[in-house]
Amino acid sequence: MSIPDIKSLAEQKMQQSVESFKHALTKIRTGRANPGLLDTVQVDYYGAMVPISQVANVSLLDARTISVAPWEKGMGAKIEKAIRDSDLGLNPASQGDLIRVPMPAMTEERRKELTKVVRAEGEHAKVAIRNLRRDANDSVKKLVKDKLASEDDERRAHDEVQKFTDRFIAEVDKLVAGKEQDIMAV
């Protein structure tokens, strides 16, 4: 593996860490409704556990209400039970074929608690990025040790890896600040 390959791989993995962090942020509930909130909820569909999105249409009715429209008549009660049993703290209500999932208003204490969760998730993402930096640097050092690269190449590679590490960490910090603002503003 060459130095450009190591840098490219490290950068790709760091980008994946940021994407994973973004995905984790969608699961942290603000007072605003987001259809992605129900992505993790599994429903019993003829003996198999499947995501709600595979048995119903999930969309927004308004800023504080998610609507779930089951594709089959008998699925309404199962979907409602799955949402209620999930650890999201949501209380769905049926209206004929449509299930309405109102987002409860958040207390100040809950908002502060959620900002701590967001910061912790951000810190996990930054640790993952730093670990990837360390792995890339170790790979470059091994190339130098095996006499496949020069020490100047090593310094340049370390500088470049540090630059995109800083860029990804700044992106995580920006996402954390945005989500905290989102939580406190609602």
Undergrad: Residues in side-chain contact (heavy atoms from CB on, under 4.5 Å) with Asp153, at least two apart?
TA: Ile3, Ala149, Ser150, Arg156

Undergrad: Hey, is Lys116 close enough to Glu123 for a salt bridge, meaning N to O under 4.0 Å?
TA: no

Undergrad: Quick one: does any side-chain atom of Ser139 pair with a main-chain N or O of Asp135 as donor and acceptor, under 3.5 Å?
TA: yes

Undergrad: Of all the heavy-atom pairs spanning Asp44 and Gly47, show the shortest one and how long it is.
TA: OD1-N, 3.1 Å

Undergrad: Please report the C-alpha distance between Leu60 and Thr65 in whole Å, then the side-chain angles of each, then the deciding distance to 0.1 Å, and finally whether the side chain to side chain contact (heavy atoms under 4.5 Å, CB included) criterion is met.
TA: CA-CA 6 Å; Leu60 291 179; Thr65 311; over 6 Å; no

Undergrad: Does Ser20 use its side chain to pair, donor to acceptor, with the backbone of Gln16 at less than 3.5 Å?
TA: no

Undergrad: My understanding is that only residues two or more places apart in sequence, or in another chain, count here; which of them pass side-chain contact (heavy atoms from CB on, under 4.5 Å) with Glu72?
TA: Tyr45, Tyr46, Met75

Undergrad: Measuring only between side-chain heavy atoms, which start at C-beta, is Leu143 closer than 4.5 Å to Ile6?
TA: yes

Undergrad: Please round to the nearest 0.5 Å and tell me the distance separating atom CG of Leu114 and atom NZ of Lys179.
TA: 8.5 Å

Undergrad: Glu11 vs Lys163, test: salt bridge (Lys or Arg N to Asp or Glu O under 4.0 Å). Steps then yes/no.
TA: CA-CA 10 Å; Glu11 193 169 11; Lys163 281 180 188 164; over 6 Å; no

Undergrad: Using salt bridge (Lys or Arg N to Asp or Glu O under 4.0 Å), reason through Asp173 and Lys126 one step at a time and then give a plain yes or no.
TA: CA-CA 9 Å; Asp173 287 338; Lys126 289 195 276 189; 2.8 Å; yes

Undergrad: I'd like to know whether CG of Asp39 has more than 12 heavy-atom contacts from other residues, nucleotides or ligands below 6.0 angstrom.
TA: yes

Undergrad: Quick one: do Glu80 and Arg84 make a salt bridge, cutoff under 4.0 Å?
TA: yes

Undergrad: Taking it one step at a time, do Glu19 and Lys22 satisfy salt bridge (Lys or Arg N to Asp or Glu O under 4.0 Å)?
TA: CA-CA 5 Å; Glu19 293 303 318; Lys22 285 179 184 176; 3.5 Å; yes

Undergrad: Are side-chain heavy atoms of Ser59 and Pro35 found at a separation under 4.5 Å?
TA: no

Undergrad: Are any of the side-chain nitrogens in Glu180 or Arg111 under 4.0 Å away from the carboxylate oxygens of its partner?
TA: no

Undergrad: With ILVMFWY side chains joined below 4.5 Å, transitively, what does Leu61's cluster contain besides itself?
TA: Leu98

Undergrad: Please report the closest heavy-atom contact between Glu160 and Lys7, naming both atoms and the distance.
TA: OE1-NZ, 2.6 Å

Undergrad: Is the backbone N or O of Arg64 less than 3.5 Å from a side-chain atom of Asp62, with the two atoms forming a donor-acceptor pair by type?
TA: yes

